[in-house]
Number of protein chains: 2
Amino acid sequence: MAEVGRLAGVSQVTVSRALSAPEKVSPETLTRIQDAIARTGYVPNAVAGALASNKSNLIAALVPSVTNIVYASMLHAFSEIMWQHGYQIMLSETGFDPQREEKAIATHLSRRPDAILLTGVHHSPAARRMLHNAGIPVVEVWDVSDTPIDRCVGFSHIEAGSAVADFAADAGYAHAATITAGDERALRRRDAFTARFERRTGTKVEQVNYADSASLGVGRQALAALVERGLPPHAVVFCSSDQFAHGALIEAAVRGLSIPDEIAIIGFGDQEFAASTAPALTSVRIDRQVLGQTAAYALVDRFGTNPTGPKVYNVGFEIVRRQTA
Amino acid sequence: MAEVGRLAGVSQVTVSRALSAPEKVSPETLTRIQDAIARTGYVPNAVAGALASNKSNLIAALVPSVTNIVYASMLHAFSEIMWQHGYQIMLSETGFDPQREEKAIATHLSRRPDAILLTGVHHSPAARRMLHNAGIPVVEVWDVSDTPIDRCVGFSHIEAGSAVADFAADAGYAHAATITAGDERALRRRDAFTARFERRTGTKVEQVNYADSASLGVGRQALAALVERGLPPHAVVFCSSDQFAHGALIEAAVRGLSIPDEIAIIGFGDQEFAASTAPALTSVRIDRQVLGQTAAYALVDRFGTNPTGPKVYNVGFEIVRRQTA
DNA sequence: ACAAGAAATGAATGCGCATTCATGTTCGTG
DNA sequence: CACGAACATGAATGCGCATTCATTTCTTGT
C-alpha cells in the first residue's frame with residue numbers, strides 16, 4: 001500500500017482512503033492511485049485490515065452437514081445475502097455432534113468473525129460461554145427457543161410434529177408409524193407426532209429409527225421393515241425427510257401397495273422433487289430460502305446502530321397435501 | 001496474550017510458545033500458563049497470528065453450488081481432511097459463472113488464504129493472472145487439464161462421454177438422446193457422447209438442454225418432451241445427472257414405457273439413490289469422496305518442503321450397469 | 001479582502017501476535 | 001572443577017493496514 005502510494009505520489013493513508021472511502025479523495029488523486037494499483041497489481045491485505053479495524057467481514061457458519069440439501073440450501077440463501085453485504089463465509093460441518101460444534105466454535109472465534117451462524121438451539125455449556133464472551137452477533141437457525149443466545153430464526157419442531165399428527169388424524173387414519181433419522185430435531189418432531197397421534201386415536205405409533213442421515217435406500221428398507229412387522233392397513237407413515245418418504249414410496253410401489261389407500265406417506269422438508277414423484281409426495285414445507293435469508297437479514301440488522309428486528313423469528317411451516325396422504 | 005503472561009509471571013513470548021510449541025516451555029511454566037489461560041478465558045487472535053506469521057491456515061474453496069450434491073459431497077470430503085490438518089474453509093459459490101468466480105477469487109485472495117480450491121479448469125484470464133501472482137498452491141477439481149494452474153484432480157469429461165457412447169453402442173442401442181443441464185462440463189460430456197455415438201451408429205442424437213441446474217421435475221419434463229418429439233423405440237437417454245435420470249425414469253414409468261426395453265436411461269454421478277430407484281439406475285460413478293480427499297492431500301503434499309505428488313491426478317470414472325440400460 | 005469553515009492530505013500510532021536474537025541457567029563430560 | 005552445549009526465557013521488532021489528530025489548501029459569505 002505504501003508502495004502504491006509512492007507510485008501515485010501520495011502517502012499510505014491516502015491510498016487506504018482511496019479504497020475504503022473514495023469520496024474523501026480528490027478525483028485526480030483517486031485516478032493516480034487507481035492507476036498505480038493497476039500497474040503494481042496490488043491486492044489489499046484483508047488480514048492486516050481486520051487486525052487494524054477489528055472488523056473481519058467474515059461470518060462463521062456451522063451447519064451439521066453440507067451434503068444434506070436442507071442445510072445446503074439454507075446456507076446458500078444465507079451466504080448469498082451476506083456476500084451481497086460484503087461478508088464472506090467460513091464454513092464448518094458439525095455432524096450433529098455438540099462436541100465437534102464446540103471445537104469448531106472455539107476455532108472460528110479465534111478468527112474474530114463479525115458474527116456466527118449456528119444450527120439448532122442446543123449447544124454445550126462451554127460453547128454458550130464462549131459465544132457470550134465473544135460478544136458478537138449470533139444467529140441460531142432451524143429451531144426456535146425462548147432463550148436464544150442472541151437471534152433465532154426457525155420454527156417449532158414440536159408444533160410441526162403435532163400438526164402432522166392432527167392432519168393425519170383429521171384425514172381419518174387410525175394407525176401410524178414413523179421413520180426417523182438421527183437428527184435431534186427429527187426426534188422431537190417424531191415424539192410430538194407420536195404423542196399427539198396416540199392421544200387422538202388411541203393406537204400405538206410404530207417406530208423405525210436410524211442413527212445415520214436419511215437416504216432413499218434406507219427409506220426403502222424402513223418401509224420394508226414396517227410392512228414385515230405387519231403394519232395395519234390404511235396406516236400413515238410420517239418420515240423425517242423427503243428422502244425417506246421417497247424411498248418408502250418406491251418400496252411400497254414395488255410391493256404393489258396402493259398409495260395412499262393401503263399405505264399413506266408424509267415426508268418432511270418439501271424438497272424440490274416432492275412435487276414430481278409419482279404419486280406426488282405429501283410433505284411439510286419449510287421455506288429454506290426464507291430461513292437463510294431471514295437469518296442473514298437478522299445479522300445485517302444486528303450490525304446496524306439500532307437493531308429493530310425481533311430476537312426470535314418464527315418462519316413457520318405448512319403441510320402440503322399432494323397424493324401420498 | 002500479554003495479560004495471560006502477566007498472570008502466569010512470564011512474558012508474552014513465552015505464552016506464544018506455550019501455545020504453538022509447548023515442548024519448548026518447561027512443564028511448570030506451561031502449567032502456570034494454561035492455568036492463566038483458563039482463568040482469563042483467553043481466546044487467541046488468529047488474525048494477528050496470521051499477519052505476523054504470514055500463514056492464515058485458511059483455504060478458499062470455490063464451488064459452483066453447494067446445493068448440488070456432487071459439489072457438496074466433494075467439498076465435504078475435502079474440508080474434512082483439511083480440518084484434520086488444521087485448516088479451515090472459506091466458501092464461495094460461483095454459480096458456473098466465470099465473472100463471479102473472478103470476483104470471488106479477488107476477494108478471497110485479499111484474505112491471504114494458504115491455498116485455493118477451484119472447480120473446473122476454465123477460468124478468466126484475469127483470474128489466472130491473480131492466482132499466479134498470489135503464488136499460493138491452487139488445486140483445480142472435477143476436470144483434468146494439460147495446463148493446470150498448479151495441481152489438478154479430476155477426470156476427463158470427454159472420455160466419460162465417449163465411454164458412455166461406446167457402452168450404449170456395444171449394448172446394441174441404435175438410437176440415443178441426451179438431457180443436459182447448464183453446466184459447461186456436462187456440455188462437454190454431451191458433445192463427446194454425441195460425436196462418438198453418431199460415429200458408431202450413424203444415427204443422429206436428439207438433444208434436450210436446460211440452462212438451469214438439474215432437478216427431478218425437469219427430468220420428467222425432458223423425457224416427456226423427447227417422447228412427444230417421437231423418440232424411436234429402444235433408444236437410450238444419456239442424462240447429465242442422476243436427478244435428471246431419476247425424473248426421466250419416473251416419467252417413463254408413468255407413461256407405461258418399459259425400461260430398459262422401450263427406453264433406456266443412463267445417469268451421471270452415481271449418487272447414493274441411484275442403486276435404490278426402481279428399476280435401479282445405470283449411471284457413471286465418480287468417486288466424489290476420493291476426489292475431495294485427493295484434492296486435500298494434493299494441497300497438504302504441496303505445503304510440504306518437497307512435494308512429491310503429481311501435478312495432475314486423474315481419478316477416473318466407472319460405468320455402473322444396473323437395470324435402466 | 002478577510003475570517004471561518006470545509007476539503008484534502010499526511011505523520012504517528014497501535015492492532016496482537018510470531019520471529020529473530022540475546023541472555024541467563026542447567027547439565028554433562030573430560 | 002571448568003567449559004561448552006543444550007535449554008528456558010525475554011526484549012525488541014515488524015507484519016500491513018485503519019484510525020486518530022494535525023496541517024495545509026481551497027471555498028464561501030459578507
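Proteins get letters first, then strands, A, B, ... in listed order; numbering begins at 1 in each. Small disclaimer: the values here were computed from a predicted structure and weren't measured.
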Chemist: Which pairs count as salt bridge (Lys or Arg N to Asp or Glu O under 4.0 Å) when at least one residue sits in residues 3-17 of chain A, sequence neighbours excluded?
Modeler: A/Glu3-A/Arg6
Chemist: Mind checking what makes salt bridge (charged side-chain N to carboxylate O under 4.0 Å, His left out) contact with B/Lys55, not counting sequence neighbours?
Modeler: B/Asp114
Chemist: Could you walk me through whether B/His76 and B/Phe78 satisfy the ring-ring contact (aromatic ring centres under 6.0 Å, His included) test, starting with their C-alpha distance in whole Å, then the side-chain angles of each, then the deciding distance to 0.1 Å, before giving a yes or no?
Modeler: CA-CA 5 Å; B/His76 169 76; B/Phe78 176 76; over 10 Å; no
Chemist: Applying side-chain contact (heavy atoms from CB on, under 4.5 Å), can you list everything that pairs with A/Thr119, at least two apart in sequence or on another chain?
Modeler: A/Val63, A/Pro64, A/Tyr71, A/Val141, A/Trp142, A/Arg185
Chemist: For DNA chain C, which residues in residues 8-32 of chain B have a heavy atom at a distance below 4.0 Å?
Modeler: B/Gln12, B/Val13, B/Ser16
Chemist: Got a sec, which residues hit side-chain contact (heavy atoms from CB on, under 4.5 Å) with A/His85, two or more places apart in sequence or on another chain?
Modeler: A/Ile81, A/Tyr87, A/Tyr297, A/Val300
Chemist: Residues two or more places apart in sequence or in another chain: which of them pass side-chain hydrogen bond (donor to acceptor under 3.5 Å, both in side chains) with A/Gln88?
Modeler: B/His108, B/Arg111
Chemist: Give, ordered by number, those residues of residues 34-48 of chain A having at least one heavy-atom distance below 4.0 Å to an atom of DNA chain C; if nothing qualifies, reply none.
Modeler: none
Chemist: Not counting sequence neighbours, which residues clear salt bridge (charged side-chain N to carboxylate O under 4.0 Å, His left out) with A/Asp143? List them please.
Modeler: A/Arg188
Chemist: What are the bounds, 5' to 3', of the part of DNA chain D that sits under 4.0 Å from heavy atoms of chain A?
Modeler: D/dG16 to D/dT19
Chemist: With the threshold set at under 4.0 Å for non-hydrogen atoms, list the residues of residues 51-59 of chain A touching DNA chain C in residue-number order.
Modeler: A/Leu51, A/Ala52
Chemist: Which atom pairs, donor and acceptor, lie under 3.5 Å between side-chain atoms of residues 36-45 of chain B and protein residues at least two apart or in another chain?
Modeler:
residue: B/Arg39; atom: NE; partner: B/Asp35; partner atom: OD2; Å: 3.4
residue: B/Thr40; atom: OG1; partner: B/Ala36; partner atom: O; Å: 2.9
residue: B/Thr40; atom: OG1; partner: B/Ile37; partner atom: O; Å: 3.2
residue: B/Thr40; atom: OG1; partner: B/Tyr42; partner atom: N; Å: 3.3
residue: B/Asn45; atom: OD1; partner: B/Val47; partner atom: N; Å: 2.8
residue: B/Asn45; atom: OD1; partner: B/Ala48; partner atom: N; Å: 3.0

Chemist: Using modelled atom types only, decide if a donor and an acceptor are shared between the side chain of B/Gln289 and the backbone of B/Met74 within a distance under 3.5 Å.
Modeler: no
Chemist: Would the number of heavy atoms belonging to other residues, nucleotides or ligands and lying under 6.0 Å from NZ of B/Lys24 be above 12?
Modeler: no
Chemist: Are the side chain of A/Thr94 and the backbone N or O of A/Asp97 linked by a donor-acceptor pair below 3.5 Å?
Modeler: no
Chemist: What residues, two or more places apart in sequence or in another chain, satisfy side-chain contact (heavy atoms from CB on, under 4.5 Å) together with B/Ser73?
Modeler: A/Thr67, B/Arg288
